[in-house]
Amino acid sequence: MLLRFTKMHGLGNDFMVVDMVTQSVRLSPEQIRDLADRRFGIGFDQLLLVEPPGRPDMDFRYRIFNADGSEVEQCGNGARCFARFVRDKKLTVKELIRVETARGDIELRVEKNGDITVNMGEPILDPWDIPFKTDRQSITYNLEVDGRELEIAAVSMGNPHAVLQVDDVDSAPVEKLGPVIHRHIRFPERCNAGFMEIVNPAEIRLRVYERGVGETLACGTGACAAVVAGRLRGMLEETVTVTLPGGSLSITWKGEGYPVMMTGPATRVYEGQTRV
Ligand SMILES: N[C@@H](CCC[C@H](N)C(=O)O)C(=O)O
């Protein structure tokens, strides 16, 4: 069949977005890998499926697949593109859109300037739920990597993240340590590995080695997890500008018991169709 899709990105973290409200198709992990291939396919970091809601109090259901074909729980940059997509396609006229994901509900608001604000929900810090193997919850943990002890924070934004503080994000060993941390035995479902440089209490720089993809130009949930990790250590203010290789996000977290709010752009690149 011919499958209609929209190519989009959030700060260079790119997506194939498919309307499954008016189309119906089942894609195998192998088909997703083929579509994600940047030379032989369309090329993307994640595939986003826009589905009808399963519950009457929700507007849509949102499913996310990494480029390696694995289904995942959450994607922050994708959530902003999702909001832009359902409005552009006139699947809704609402300004506040309620969406079910594999790990909880999120709320998306389209701002007057076109940016999207996402209520990402509360961060998950209980190691059992992240999941992260340890005997007790802590703000940071020592993780043995290649015979060295690294100090990391473990945070879930629906999906698991390890956050490592570095002096200089440009020279951080993302290619070397990212693949090792992301498959570390203490993260049984693997994780996204973030390398955070604190510029000042209101600004951080971040690079993320994403589970199921590799290093991306931006990771929305990674930005949220990094701000939570920095706030728990008392190093960051309530609202922080997070600069990633692809651009900047504004992240606000009041503290435990509050949701993380993310604001940033969502860009449509082109409309396409492909035979699957
Ligand atoms: N790019 C995303 C995160 C996508 C999922 C991630 N790779 C995972 O496996 O958890 C974002 O913007 O949050």
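All ligand and atom numbering here is 1-based and tracks the order in the structure. The model shown is predicted, which means the values in this text are computed figures rather than measured ones.
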Does [X] use its side chain to pair, donor to acceptor, with the backbone of [Y] at less than 3.5 Å?
X    : Y    : answer
H161 : A223 : no
R207 : D170 : yes
E215 : V174 : no
R33  : D68  : yes
R87  : T92  : no

At a 4.0 Å threshold, what atoms of ligand 1 neighbour a non-hydrogen atom of [X]?
X    : result
N66  : 5 (C), 6 (C), 7 (N), 8 (C), 9 (O)
N159 : 5 (C), 6 (C), 8 (C), 10 (O)
T221 : 3 (C), 11 (C), 12 (O), 13 (O)
N192 : 6 (C), 7 (N), 8 (C), 9 (O), 10 (O)

For atom 1 (N) of ligand 1, the option (of L11, N13, N77, V72) bearing the nearest heavy atom: N13
Option with minimal heavy-atom separation from atom 5 (C) of ligand 1, where the choices are Q74, R211, M262: Q74
With a 4.0 Å heavy-atom cut-off (strictly under), which part of T216 contacts ligand 1: side chain, backbone, both or neither? neither
Should the proximity of D45 to ligand 1, defined as any heavy atom under 4.0 Å, be assigned to the side chain, the backbone, both, or neither? neither
Just to confirm my output: which protein heavy-atom neighbour is closest to [atom], and how far is it?
atom                    : answer
atom 3 (C) of ligand 1  : E210 OE1, 3.5 Å
atom 12 (O) of ligand 1 : G220 N, 2.7 Å
atom 2 (C) of ligand 1  : C75 SG, 3.2 Å

Does ligand 1 have an atom that lies less than 4.0 angstrom from a heavy atom of R190? no
Answer with yes or no whether G212 contacts ligand 1, where contact means a heavy atom under 4.0 Å from a ligand atom. no
For the residue pair C224 and M120, what are the closest heavy atoms and their distance? SG-CG, 4.0 Å
Hey, can you tell me if F82 and F60 have their rings parallel, tilted or perpendicular (30° and 60° cut-offs)? perpendicular
So, regarding G76 and ligand 1 (criterion: nitrogen or oxygen to nitrogen or oxygen, under 3.5 Å), is there a contact or not? yes
My understanding is that only residues two or more places apart in sequence, or in another chain, count here; which of them pass side chain to side chain donor-acceptor pair (under 3.5 Å) with N192? none
Within a 6.0 Å radius of atom OH on Y270, are there more than 12 heavy atoms belonging to other residues, nucleotides or ligands? yes
